[in-house]
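Input: a single structure, listed below in structure tokens.
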Amino acid sequence: MQDKYVLPLVDISLLNSTNLDDRMQVAQALDQACKEVGFLYLKGDQFQPALFAQLCDIAKHYFAQDDALKMQNYIGKSVNHSGYVPIGEEQFSSNSYDLKESYDVNYDYQGSALNYPLLGPTQWPDDPAFKRHVSQYYQHLKAIGHQLFRCFALALEQKEDFFDMHIQHAPSQLRLIHYPYNPQATDAEGIGAHTDYECFTLLLPTAPGLQVLTKQGEWIDIPLLENTLVMNIGDMMEILSNGKYLATKHRVKKVQQERYSFPLFFSCDYDYVIQPINTNEPPKYAPLAGGEHLFNQTAQTFHYLKQRVASGELVLKNAVPLYSFGLTESNMEYTP
Ligand SMILES: O=C(O)CCC(=O)C(=O)O
Ligand SMILES: [Fe+2]
């Protein structure tokens, strides 16, 4: 039997307080949890379980439809990398793919001033209830995420509004992932071991399966706690914090049970350069063009983008191979 609280649990309710001391208290707890583990449970009065329940219902309804119908909103038809992702579309290695399908939405940018590959109007299926519930959940988690960016700023000893101007039009992606019932599944790897690219991820799955690699090199199961978000640090926050917080490796075990999971990956504005924000310390990481990196990594995993690269229609600038970030010994000792 595994201990119920295998990860630290941080209550963020006090981020709603008008008293800075209260918010500092949460920042200290967040700091501690991110330094020690980089993976934590988050609960708080902010989180509205009813919106999560609605999202689960709408996702179940959506994925139960015919493949042909879902393909009408194939992600390759969108301008901001949003839409339906069929099984096999996303491949991290040439000889295997995860048994999962998803509907990905992104920041639904309606303006024309910014012209980046991940920014633009989101592609929605022809179902107003889908758009309404998914947008509601996106906006809800986005508001919590913005409180967390402020909390990170405090934890990293910056002005509380440090990130505000860098998350105005962030291409943060929400994925509705469906792992279908899989009778062949053994207790093997589902989504392979990885770190997330962005600053941090907030997710809530409907069934167990998520595992985290501990500092001792052991994979542990992450039990679900009711109405409690799971949060993990991604590559970009590792860089912003100059390695104080480490992007934690995780994976999803293949299980027979049908499963849904809804991660929202919080990034900064496309053109914000990700680099250690504490200028009093020698930087351990090279600066990273955040949006460009995100897009380049995406373009190396999604079939429709790989085809565009292969045909010369899409030319990637400054692309590095997959898995070049995250804590590897080789990118730690950066000398400016
Ligand atoms: O399915 C999950 O619970 C996690 C998925 C995940 O780690 C990811 O999409 O990056
Ligand atoms: Fe992940």
Side-chain angles (χ1 to χ4, degrees), residues 6-7 34 37-42 52 55-56 59-60 63 75 81-82 84-93 96-106 118 137-138 141 145 171-182 185 187-214 219-238 245-267 293-294 297-298 300-302 322-323 325-327:
V6 291
L7 300 177
C34 292
V37 192
F39 234 94
L40 51 144
Y41 292 119
L42 277 191
F52 175 68
L55 188 71
C56 290
K60 282 178 192 161
F63 288 112
I75 193 159
H81 190 64
S82 62
Y84 177 63
V85 181
I87 291 174
E89 169 72 25
E90 214 182 339
Q91 261 193 308
F92 285 87
S93 64
S96 72
Y97 58 83
D98 303 327
L99 191 56
K100 68 168 202 283
E101 57 183 341
S102 71
Y103 200 98
D104 296 355
V105 303
N106 214 312
L118 298 171
Y137 190 79
Y138 187 97
L141 248 66
S172 299
Q173 189 186 40
L174 169 65
R175 309 196 72 183
L176 316 186
I177 309 178
H178 175 223
Y179 302 83
Y181 171 67
N182 178 9
D187 236 10
E189 206 170 82
I191 288 194
H194 66 281
T195 56
D196 294 342
Y197 309 134
E198 298 82 350
C199 296
F200 56 89
T201 307
L202 295 180
L203 89 159
L204 200 47
T206 59
L210 187 60
Q211 295 189 316
V212 167
L213 189 64
T214 64
W219 284 104
I220 54 162
D221 290 325
I222 300 305
L224 300 182
L225 303 183
E226 214 182 341
N227 300 332
T228 306
L229 293 162
V230 176
M231 172 178 177
N232 68 272
I233 295 293
D235 299 342
M236 293 186 190
M237 186 56 80
E238 179 174 323
Y245 310 143
L246 298 185
T248 312
K249 273 217 169 101
H250 53 283
R251 67 182 187 186
V252 180
K253 219 168 41 170
K254 231 176 231 159
V255 285
Q256 289 192 341
Q257 195 178 359
E258 185 171 34
R259 183 175 183 274
Y260 299 84
S261 186
F262 310 113
L264 204 158
F265 304 93
F266 286 87
S267 54
H293 174 64
L294 209 54
Q297 298 287 299
T298 306
Q300 291 177 67
T301 50
F302 280 73
L322 290 173
Y323 303 121
F325 285 87
L327 227 221

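Everything quoted here is computed from the prediction, not taken from an experiment. Counting starts at 1 for both ligands and their atoms, following the listed order.
- Here is the list of ligand 1 atoms found below 4.0 Å of a heavy atom in V252: 1 (O), 2 (C), 4 (C).
- Side-chain contact between K100 and H178: absent, with no pair of heavy atoms (C-beta onward) separated by less than 4.5 Å.
- Distances below 4.0 Å separate heavy atoms of Y179 from the following atoms of ligand 1: 1 (O), 2 (C), 5 (C).
- Close approach to L203 involves these atoms of ligand 1, each under 4.0 Å from a residue heavy atom: 2 (C), 3 (O), 4 (C).
- Inter-residue side-chain proximity for I233 and L246 is flagged as unmet; no heavy-atom pair is nearer than 4.5 Å.
- For the pair R259 and ligand 1, the shortest N or O to N or O distance falls below 3.5 Å.
- In this structure, CD in E258 is found 11.0 Å from CG in N182, a value given to the nearest 0.5 Å.
- Those atoms of ligand 1 with a heavy atom of H250 less than 4.0 angstrom away are 7 (O).
- Between the side chains of S82 and N106, no donor N or O sits under 3.5 Å from an acceptor N or O.
- When H194, R175, K100 are checked for heavy-atom proximity to atom 8 (C) of ligand 1, H194 turns out nearest.
- When each atom of ligand 1 is checked for a heavy atom of I177 under 4.0 Å away, the hits are 9 (O).
- One side chain, Q211 or D221, offers a donor N or O that lies under 3.5 Å from an acceptor on the other.
- Atoms of ligand 1 found under 4.0 Å from any heavy atom of F265 (numbered from 1 in listed order, with element): 8 (C), 9 (O), 10 (O).
- In this structure, the side chains of F63 and L176 come closer than 4.5 Å at one or more pairs of heavy atoms.
- Annotation: angle subtended at the Fe ion (ligand 2) by D196 OD1 and H250 NE2 is 90°, to 10°.
- With a 4.5 Å cut-off on side-chain heavy atoms, F200 and L42 do not count as touching.
- Residue S261 has at least one heavy-atom neighbour below 4.0 Å for each of these atoms of ligand 1: 1 (O), 2 (C), 3 (O).
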